[in-house]
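Inspection log for the structure reproduced underneath, given as structure tokens.
Chain naming here is simple, since letters A, B, ... match the order of the sequence lines and numbering starts at 1 in each. All values below were derived from every heavy atom in this structure, side-chain atoms included, with hydrogens, water molecules and symmetry-related copies excluded.
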Amino acid sequence: MARWLAKSEPDVYGIDDLERDNSTTWEGVRNFTARNFLRAMQVGDLVLFYHSNAVPSGVAGVGRVVSTASPDPTQFDQASDYYDETAPPDGSRWSWVTVGFVERFSRVVALAEIKADPQLEGIEVARKGSRLSVCGVSDAHFDHIVALGRQS
DNA sequence: GCCAACGTTGGC
DNA sequence: GCCAACGTTGGC
């Protein structure tokens, strides 16, 4: 079973929203590398829920893949911020998955803390200039971040 | 709001 | 298929 990290701006949709809703569709990924990661997700895979453009930015909790990739309908919705006029009608361009709530950390594991932690060396989200909104995480990095997030 | 990083597009 | 221009992400 794989481990992932996915970014969302908490002003738009944060871990509190996921806790309230219990599950959500992860729409709006418009980057091919990130899309390919979405398509590789399997039911039951765990996902670090990362708050971007936040104070502080960092990992706020954990979600779980509850349904695998299918065409993201927002690519066809002209009223959506994610509308893509170049998307072919077969839906092959952009995908979404459904993510369920697992846990909200007792504290956000801030990006600065991730970058400073030698046990998290090499993690994609700490790479300089990393803009991937969905990426893989090693089991060891995943477990370490969860342990940090559960600290009070 | 600035700006670095970098993915994507399109001209050639 | 190279590469410059452009747009976007996202930390700070």
Side-chain angles (χ1 to χ4, degrees), chain A residues 2-21 24-41 45-65 68-99 101-138 140-142 144-151:
Chain A
R3 299 286 181 264
W4 309 95
L5 179 146
K7 298 178 181 175
S8 182
E9 299 188 25
D11 290 349
V12 178
Y13 197 90
I15 191 73
D16 292 342
D17 299 301
L18 183 58
E19 183 170 27
R20 180 197 63 224
D21 297 342
T24 189
T25 49
W26 208 274
E27 71 269 22
V29 169
R30 295 292 180 269
N31 168 287
F32 291 111
T33 305
R35 182 208 67 182
N36 291 340
F37 285 132
L38 281 185
R39 289 182 177 176
M41 289 181 177
D45 285 358
L46 296 175
V47 183
L48 293 174
F49 194 121
Y50 181 91
H51 283 173
S52 59
N53 281 319
V55 183
S57 292
V59 181
V62 178
R64 176 181 158 274
V65 177
T68 54
S70 59
D72 176 353
T74 64
Q75 68 194 307
F76 305 120
D77 179 1
Q78 293 191 38
S80 169
D81 288 344
Y82 305 124
Y83 176 63
D84 181 355
E85 62 177 4
T86 71
D90 65 0
S92 60
R93 190 173 176 90
W94 302 120
S95 302
W96 71 3
V97 298
T98 306
V99 174
F101 176 76
V102 173
E103 73 175 286
R104 188 169 64 80
F105 288 165
S106 48
R107 67 187 190 90
V108 171
V109 181
L111 180 61
E113 184 178 355
I114 291 170
K115 286 179 170 172
D117 191 330
Q119 291 193 60
L120 297 173
E121 195 175 353
I123 192 170
E124 168 65 25
V125 75
R127 243 190 68 234
K128 189 178 182 185
S130 172
R131 295 183 313 163
L132 265 185
S133 61
V134 181
C135 59
V137 180
S138 73
H141 288 167
F142 182 93
H144 187 59
I145 288 177
V146 170
L148 293 174
R150 286 174 179 166
Q151 291 172 356

Without decimals, in angstroms, what is the distance between [X] [atom1] and [N] [atom2]?
X: A:I114; N: C:dG10; atom1: CD1; atom2: P; answer: 14 Å
X: A:E9; N: C:dG10; atom1: CD; atom2: P; answer: 7 Å
X: A:E124; N: C:dG10; atom1: CD; atom2: C1'; answer: 13 Å
X: A:Y82; N: C:dT9; atom1: OH; atom2: C1'; answer: 12 Å
X: A:K7; N: B:dG7; atom1: NZ; atom2: C1'; answer: 13 Å
X: A:K115; N: C:dG10; atom1: NZ; atom2: P; answer: 13 Å
X: A:N31; N: C:dG7; atom1: CG; atom2: P; answer: 18 Å
X: A:Y50; N: C:dG11; atom1: OH; atom2: C1'; answer: 8 Å

Are the aromatic ring centres of A:F49 and A:W26 under 6.0 angstrom apart?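 They qualify: ring centres under 6.0 Å apart.
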
Of the candidate nucleotides C:dC12, B:dT8, B:dA5, which contains the atom at the shortest distance from the side chain of A:R131?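 The answer is B:dA5.
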
Could you check which of B:dT9, C:dG11, B:dA4 has an atom nearest any side-chain atom of A:F32?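 Looking only at heavy atoms from C-beta outward on A:F32, the closest nucleotide is B:dT9.
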
Pick the closest DNA chain B nucleotide for A:T86 and for A:N53 by heavy atoms, then say which residue is nearer the 5' end.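 Taking each residue's closest nucleotide, the earlier one in sequence belongs to A:N53.
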
Will you find, in the side chains of A:R39 and A:S95, an N or O donor that is under 3.5 Å from an N or O acceptor?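 A donor-acceptor contact under 3.5 Å links the two side chains.
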
Under a 4.0 Å threshold between the charged nitrogen and the carboxylate oxygen, would A:R30 count as salt-bridged to A:D81?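 Here A:D81 does not pair with A:R30 in a salt bridge, since their nearest N and O are not under 4.0 Å apart.
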
Evaluate whether atom CD of A:Q151 has more than 12 neighbouring non-hydrogen atoms of other residues, nucleotides or ligands under 6.0 angstrom away.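 Enclosed: over 12 neighbouring heavy atoms sit under 6.0 Å from CD of A:Q151.
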
Base, sugar-phosphate or nothing for A:R35? Non-hydrogen atoms, less than 4.0 Å.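 If one applies the 4.0 Å heavy-atom cut-off, A:R35 turns out to touch nothing in the nucleic acid.
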
